[in-house]
Q: 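Below are the structure tokens for one structure; questions will follow.
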Amino acid sequence: MAPVASMLNGAALAPPLRLQPRLQHPRTLPFTVPMSVRRSSFAARNGRAATVRCEGIGIGDFIGGDLLKFDLGQWLSDVEEHKALAIYSPHEGGYEGRYLNRLRYQGYYFLDLSARGLGDPETTLTKIHPVCPAHLGKQPIARWYFPPEVDYRLAALPPNAKGLVVWIIEAKVLSKAELQFLALLPTLRPNVRVIAECGNWRKFMWKPLKEIAGA
């Protein structure tokens with residue numbers, strides 16, 4: 001067969017295209033299929049249903065796991081028995097609201113505080129304490145005095161109230177001495193209950209605050 005001419009009627013022809021060789025896919029690494037997966041695949045091919053077992057999962061994880069709490073009765077009894085609890089809630093949050101609402105249904109009123117701006121708990125909760133507002137470097141440094149937070153709220157409770165719950169968030173930043181005072185506060189004020197958020201855990205759990213503070 002004669003070669004194709006590179007000139008046609010005086011016009012140069014484009015050079016022939018050179019196709020690149022097709023790239024091959026990299027060879028996949030060999031791996032071993034677990035025996036449980038192979039058995040499940042064999043059962044599925046033969047028309048039999050495969051069984052999957054989940055360890056450590058209860059009925060609360062399937063039927064309203066975030067709404068249905070089987071330990072609310074134990075929660076109420078421990079609040080009345082120990083009067084000061086350290087709670088540990090999941091990182092995603094929201095679970096502690098179920099337990100807070102159950103105390104609200106019992107007739108308790110709440111005083112929500114943050115441990116990071118609390119200062120000295122004994123002075124802030126039970127004594128007249130000074131507060132210095134921001135002066136921005138131009139105004140003179142002033143000092144205002146506020147009444148005790150707990151005594152002020154106790155005096156404002158309605159007659160049908162069961163008591164006052166001091167709910168402290170971020171209590172993990174408090175020292176042992178400050179936690180010991182919070183554990184002692186229901187003894188000084190019998191109508192007061194203390195709930196301190198001392199950390200996080202996989203599920204909502206609580207312990208007596210005296211055990212955490214070492215009192």
Side-chain angles (χ1 to χ4, degrees), residues 75-76 78-215:
W75 160 257
L76 295 177
D78 287 346
V79 169
E80 296 298 336
E81 179 182 357
H82 301 289
K83 297 181 175 57
L85 296 178
I87 64 173
Y88 300 85
S89 58
H91 289 273
E92 58 269 21
Y95 290 89
E96 59 272 16
R98 310 299 180 190
Y99 300 87
L100 184 147
N101 286 333
R102 185 51 61 96
L103 291 177
R104 192 187 305 274
Y105 297 154
Q106 296 296 319
Y108 283 102
Y109 285 73
F110 287 81
L111 172 60
D112 299 326
L113 297 172
S114 176
R116 296 189 180 274
L118 185 60
D120 180 27
E122 181 179 3
T123 303
T124 303
L125 299 178
T126 61
K127 298 180 181 179
I128 298 177
H129 55 281
V131 176
C132 295
H135 54 84
L136 304 178
K138 298 181 179 180
Q139 294 84 8
I141 299 177
R143 178 176 293 182
W144 298 347
Y145 288 87
F146 286 80
E149 293 290 344
V150 169
D151 296 338
Y152 177 77
R153 297 302 179 95
L154 286 175
L157 288 180
N160 59 346
K162 191 173 182 179
L164 178 68
V165 176
V166 180
W167 195 291
I168 300 178
I169 64 175
E170 298 180 331
K172 57 186 177 182
V173 303
L174 298 177
S175 63
K176 290 290 184 179
E178 293 171 338
L179 291 176
Q180 288 175 2
F181 172 77
L182 292 177
L184 186 64
L185 182 59
T187 304
L188 302 177
R189 303 293 189 272
N191 293 333
V192 173
R193 305 291 182 266
V194 177
I195 306 296
E197 298 184 10
C198 294
N200 300 100
W201 194 244
R202 297 182 183 93
K203 64 178 182 178
F204 189 89
M205 61 174 297
W206 62 87
K207 292 183 178 180
L209 190 57
K210 293 181 179 180
E211 297 181 5
I212 306 301

Q: List the residues meeting side chain to side chain contact (heavy atoms under 4.5 Å, CB included) with Ile128, not counting sequence neighbours, and say none if there are none.
A: Tyr145, Pro148

Q: Report yes if some heavy atom in the side chain of Arg193 is under 4.5 Å from a heavy atom in the side chain of Tyr108; otherwise report no.
A: yes

Q: Could you tell me the separation between the CD1 atom of Ile169 and the CG atom of Asp112, rounded to the nearest 0.5 Å?
A: 7.5 Å

Q: Determine whether Leu125 and Leu113 make a side-chain contact, defined as any pair of heavy atoms from C-beta on separated by less than 4.5 Å.
A: yes

Q: Which pair of heavy atoms, one from Ala171 and one from Ala115, lies closest together, and at what distance?
A: CA-CB, 3.9 Å

Q: For the residue pair Phe204 and Tyr99, does the interplanar ring angle fall in the parallel (under 30°), tilted (30 to 60°) or perpendicular (over 60°) class?
A: parallel

Q: The criterion is side chain to side chain contact (heavy atoms under 4.5 Å, CB included); which residues satisfy it with Leu100, sequence neighbours excluded?
A: Arg104, Phe110, Trp167

Q: Please report the shortest heavy-atom distance between Ser89 and Glu96, naming the atom on each side.
A: CB-OE1, 3.5 Å

Q: State the NZ-OH distance between Lys207 and Tyr88, to the nearest 0.5 angstrom.
A: 6.0 Å

Q: Taking all non-hydrogen atoms of both residues, which atom of Ala183 and which atom of Ala84 are closest, and how far apart?
A: CA-CB, 4.0 Å

Q: To the nearest 0.5 Å, what is the distance between CZ (Phe181) and OG1 (Thr126)?
A: 4.0 Å

Q: Which residue pairs satisfy the salt bridge (Lys or Arg N to Asp or Glu O under 4.0 Å) criterion with at least one member in residues 173-190, sequence neighbours excluded?
A: Asp151-Arg189

Q: Under 3.5 Å, is there a donor-acceptor pair between the side chain of Gln180 and the main chain of Ala213?
A: yes

Q: Check whether any side-chain heavy atom of Thr124 sits under 4.5 Å from a side-chain heavy atom of Phe146, and report yes or no.
A: no

Q: Minimum heavy-atom separation for Ala142 to Pro133, with atom names?
A: O-CD, 3.4 Å

Q: Taking only residues two or more places apart in sequence, or in another chain, which ones meet Arg116 in a side chain to side chain contact (heavy atoms under 4.5 Å, CB included)?
A: Ser114, Glu170, Val173

Q: Looking at OG1 of Thr123 and CG of Leu118, how far apart are the two atoms once the value is rounded to the nearest 0.5 Å?
A: 9.5 Å

Q: Report the residues that fulfil side chain to side chain contact (heavy atoms under 4.5 Å, CB included) with Glu81, sequence neighbours left out, ordered by chain and then residue number.
A: Asp78

Q: Which residues pass the salt bridge (charged side-chain N to carboxylate O under 4.0 Å, His left out) test with Lys162, not counting sequence neighbours?
A: Glu80

Q: State the CD1-CG distance between Ile87 and Leu209, to the nearest 0.5 angstrom.
A: 11.0 Å

Q: Atom CG of Leu85 and atom CG of Leu182: how far apart are they, to the nearest 0.5 Å?
A: 12.5 Å

